[in-house]
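All residue numbers in this chain count up from 1 along the given sequence. None of the values given here were measured: they were computed from a predicted structure.
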Amino acid sequence: MKSKNEILAALARSNDDRLLLAGLLDKEQTCMSRGYLTHTKFLDLNERAKCTDAVRLAGATGHALFWGGYEEAERGIYLFYPDYLDGQSAQEVAPLTLLRAHKNKEDKLTHRDYLGALMGLQIDRSVVGDILVHEEGADIIVLEDMADFILLHFAKAGRKQISLTREPLAALKSAAVTQKDGSGSVASPRLDSVVALVFSLPRKEAQEKIEKGLVFVNNMPCPKPERQVNEGDRLTVRGIGRAKVVSFGGVSRKGRVFVQFVKSV
């Protein structure tokens, strides 16, 4: 178990990192000293990775969890819960609210439309979690203390009229995602090779994106192009898309490994 100063010295690479991690560790200490649930704001994938390292170094993994309202959430909050709660009950009382945006059937609205309209309300991105776009509109997960403000002011997205309702989190609708099966071969199951194949990138570009921290494996950044990819791994390339590696098959005469994958398009 490391002290707060030791953790900040080990993990903070910028002032923003320092503020993020100091706030996280303060939440953990408040939970332990005062005996009630505490939480961060919504974290993106990079912030989540840094906070996960900090939680581990603080020895807090037994009373902390990352939760975005559903199991596959990309954005979520870190919850710290006292002894009288367990992980499941902490999820149940997490301060998250589901707002459902209803649109006209003929209107076509994208994730960008909803997010842009929300940011136009002059709220911080950190109070909004995942936005799951579906045929009826979108399900938007927000921090509970911002729900009433958004309900009152969020009436348009992409210049189209919408209406909002508050719904039980258990009623969350999945995003309407089209998936495409793909296959091909790689020289080896290295991350750079697999990313290049799956996302149709030159291998050099795939390496650059990995080294810049734009590639995530199972929602965690992986800056090492040589990392071995396994069956079942979920790959995310920021700004491009997501995919899941289904299987590695046989080897060609030239020694290349066959890969099957499913990509969200």
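Here the shortest heavy-atom pairing between Ile77 and His39 reads CD1-CB, 4.0 Å. Residues Cys31 and Pro82 come closest through the heavy atom pair SG-N, 3.6 Å. The shortest non-hydrogen separation linking Pro168 to Leu98 is O-CD2, 3.3 Å. Closest heavy-atom contact between Phe261 and Ser183: CE2-N, 3.5 Å. Residues Phe154 and Lys156 come closest through the heavy atom pair CE1-O, 3.2 Å. Across every non-hydrogen atom of Ser193 and Ser188, the tightest pair is CB-O, 3.5 Å.
Contact check for Glu47 versus Tyr78: no side-chain heavy atoms found under the 4.5 Å cut-off. Phe66 has its side chain out of reach of Val55: every pair of non-hydrogen atoms, C-beta onward, lies at least 4.5 Å apart. For the pair Arg227 and Ile210, the minimum side-chain heavy-atom distance is 4.5 Å or more. Contact check for Lys209 versus Val195: no side-chain heavy atoms found under the 4.5 Å cut-off. Contact annotation: the side chain of Pro221 never approaches that of Leu45 to less than 4.5 Å [non-hydrogen atoms, C-beta and beyond]. A 4.5 Å side-chain heavy-atom check between Arg125 and Phe42 finds every atom pair outside the cut-off. Leu79 places a side-chain heavy atom less than 4.5 Å from the side chain of Pro95. By the 4.5 Å heavy-atom criterion applied to side chains, Thr97 and Ile150 are not counted as neighbours.
Salt bridge status for Glu167 with Lys173: absent, with no side-chain N to carboxylate O gap under 4.0 Å. Between Glu136 and Arg100 there is no salt bridge, since no side-chain N of the basic residue sits under 4.0 Å from a carboxylate O of the acidic one. A salt bridge does not link Lys50 with Asp44: none of the charged nitrogens is closer than 4.0 Å to a carboxylate oxygen. Between Asp113 and Lys108 no salt bridge is recorded (no basic side-chain N to carboxylate O distance below 4.0 Å). Ion pair Arg56/Asp53 flagged as a salt bridge, since at least one NZ, NE, NH1 or NH2 atom sits closer than 4.0 Å to an Asp/Glu carboxylate oxygen.
No side-chain donor-acceptor contact under 3.5 Å links Glu144 to the backbone of Val142. Side chain of Glu6 to main chain of Ser3: a donor-acceptor pair is present (N/O by atom type, distance under 3.5 Å, no hydrogens or angles). In terms of modelled atom types and a separation under 3.5 Å, the side chain of Arg112 and the main chain of Leu109 share no donor-acceptor contact.
Residue Glu74 is tested with Arg48, Arg234, Arg242 for a salt bridge (charged side-chain N to carboxylate O under 4.0 Å, His left out); the sole match is Arg242. A side-chain contact (heavy atoms from CB on, under 4.5 Å) with Cys222 is found for exactly one of Leu191, Val215, Val229, namely Leu191.
Residue Val262 belongs to a hydrophobic cluster whose other members are Val246, with links defined by side-chain heavy atoms closer than 4.5 Å.
Using cut-offs of 30° and 60° for the angle between ring planes, the Phe80 and His63 rings count as tilted.
Between the CG atom of Leu143 and the OG atom of Ser126 there is a distance of 7.0 Å, given to the nearest 0.5 Å. In this structure, Leu132 CG and Ile141 CD1 are separated by 5.5 Å, a value rounded to the nearest 0.5 Å.
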Practice item. Decide side chain to side chain contact (heavy atoms under 4.5 Å, CB included) for Leu20 and Leu43; before the verdict, give the C-alpha distance in whole Å, the side-chain angles of both, and the deciding distance to 0.1 Å. Key: CA-CA 10 Å; Leu20 170 71; Leu43 308 170; 3.8 Å; yes
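Listed by first then second residue, pairs satisfying side chain to side chain donor-acceptor pair (under 3.5 Å) with a partner in residues 213-225 read Asn218-Asp233, not counting sequence neighbours.
The local environment of CG in Asp145 is crowded, with over 12 non-hydrogen atoms from other residues, nucleotides or ligands closer than 6.0 Å. In this structure, Lys103 places its NZ atom where more than 12 heavy-atom neighbours from other residues, nucleotides or ligands lie under 6.0 Å away.
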